[in-house]
Amino acid sequence: MQGEAILEVKNLHTWYGSQHVLDGVDFTVNAGEIMVILGTSGCGKSTLLKNIIRLYKPAMGSIRLLGQEMTELEEEDLETVLRDVGVMYQYGALLNSLTVGENVALPLEMHTSMTSELRHDIAELKLHQVELKNVYHKFPKELSGGMQKRAAVARAIVMDPSIIFCDEPSAGLDPVTALGLDKLLKTLNETLGMTIVVVTHELESIRRIAHRITYLDRGKVLFTGTLQEALSAQIPAIQEFFLME
Ligand SMILES: Nc1ncnc2c1ncn2[C@@H]1O[C@H](COP(=O)(O)OP(=O)(O)O)[C@@H](O)[C@H]1O
Ligand SMILES: [Mg+2]
């Protein structure tokens with residue numbers, strides 16, 4: 001699987017009412033890579049992720065994820081594909097009414113018939129994997145911002161997915177905590193071969209983790225390739241973006 005396309009998006013169009021938010025997006029993510037999606041605020045990054053995991057159905061185009069055409073799948077088959085996909089939403093989105101451990105175990109409860117004991121043990125293991133200890137019975141609000149993000153990563157990987165999507169994982173974190181989170185994503189990628197798609201606009205983060213980047217501008221892909229290639233491509237919008245950072 002390494003190196004083959006795990007996600008192929010072709011000619012994707014999305015509207016919110018009359019607003020044409022994605023205007024023919026094409027890009028590919030290869031198995032085993034960390035792909036960073038970037039672009040200015042409001043250019044459609046979160047919408048693109050939502051389209052891929054079918055939280056919001058695009059109007060037109062093709063999304064091939066893990067060998068399945070996502071735009072055509074019926075609920076039941078969609079569910080099967082999504083079991084192999086982890087998601088870390090923008091703003092973390094742990095449920096405040098559940099403990100941290102219950103949050104992490106939630107996908108197991110939703111998608112498997114495991115006993116609660118087994119769910120507990122796996123969630124505990126995943127918390128260890130993201131270097132969180134003694135937090136299972138705490139509530140999200142009792143954790144620091146960085147720890148909440150780690151818990152959200154633990155939840156995203158609890159089903160051992162082939163690919164995870166992270167929407168602005170380091171937003172709101174101080175630089176040191178953001179560095180730690182980047183290291184965690186890199187470790188998951190390098191040790192487990194997990195494919196990771198990250199939306200971020202933190203230049204430091206892009207430098208640290210991106211194998212390739214896809215630059216979105218007003219709903220269109222201006223560039224896909226390595227950061228090095230992007231910087232030497234002489235595309236004004238991209239140069240401006242990196243100068244602003
Ligand atoms: N649910 C929605 N309904 C209507 N408009 C939306 C919705 N979500 C996002 N938008 C609009 O679509 C555009 C792209 O939003 P988004 O995908 O969130 O951008 P990004 O994540 O790149 O900041 C923005 O103009 C935003 O205001
Ligand atoms: Mg967004």
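For reference, positions follow the sequence shown, starting with 1. Read the numbers this way: they start at 1 and go in the same order the structure lists the ligands and their atoms.
Among all protein heavy atoms, the one lying closest to atom 15 (O) of ligand 1 is Thr47 OG1, 3.8 Å. Summary of contacts: the protein heavy atom closest to atom 25 (O) of ligand 1 is Gln19 NE2, 2.9 Å. Summary of contacts: the protein heavy atom closest to atom 9 (C) of ligand 1 is Tyr16 CE1, 3.3 Å. In terms of protein heavy-atom proximity, atom 23 (O) of ligand 1 is closest to Gly42 N, 2.7 Å.
Across every non-hydrogen atom of Phe139 and Leu98, the tightest pair is CD2-O, 3.4 Å. The shortest non-hydrogen separation linking Asp167 to Ser46 is OD2-OG, 2.6 Å. Between Asn189 and His211, the closest heavy-atom pair is OD1-CE1, 3.4 Å.
Leu38 places none of its side-chain heavy atoms less than 4.5 Å from the side chain of Thr200. Within the 4.5 Å cutoff, the side chain of Ile37 has no heavy atoms near those of the Val198 side chain.
By the definition of a contact as any protein heavy atom under 4.0 Å away, atom 6 (C) of ligand 1 is in contact. Per-atom contact check: atom 19 (O) of ligand 1 touches the protein, criterion being a heavy-atom distance below 4.0 Å.
At least one heavy atom of Gly44 sits less than 4.0 Å from an atom of ligand 1.
Considering both main-chain and side-chain atoms, Cys43 comes within under 3.5 Å of ligand 1 through a nitrogen or oxygen pair. The shortest N/O to N/O separation between Lys45 and ligand 1 falls below 3.5 Å.
Ring orientation note: the planes of His20 and Trp15 are close to parallel, at an angle under 30° on the 30°/60° scale.
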Go through Lys10 and Asp26 one step at a time and tell me if the salt bridge (Lys or Arg N to Asp or Glu O under 4.0 Å) criterion holds.
-> CA-CA 4 Å; Lys10 284 189 187 147; Asp26 292 280; over 6 Å; no

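Of the heavy atoms in Val21, only side-chain atoms (C-beta onward) come closer than 4.0 Å to ligand 1.
With a cut-off of 2.8 Å, the Mg ion (ligand 2) has an N, O or S atom of Ser46 in range.
Salt-bridge check for Glu117 with Arg119: failed, with every basic side-chain N at 4.0 Å or more from each acidic carboxylate O.
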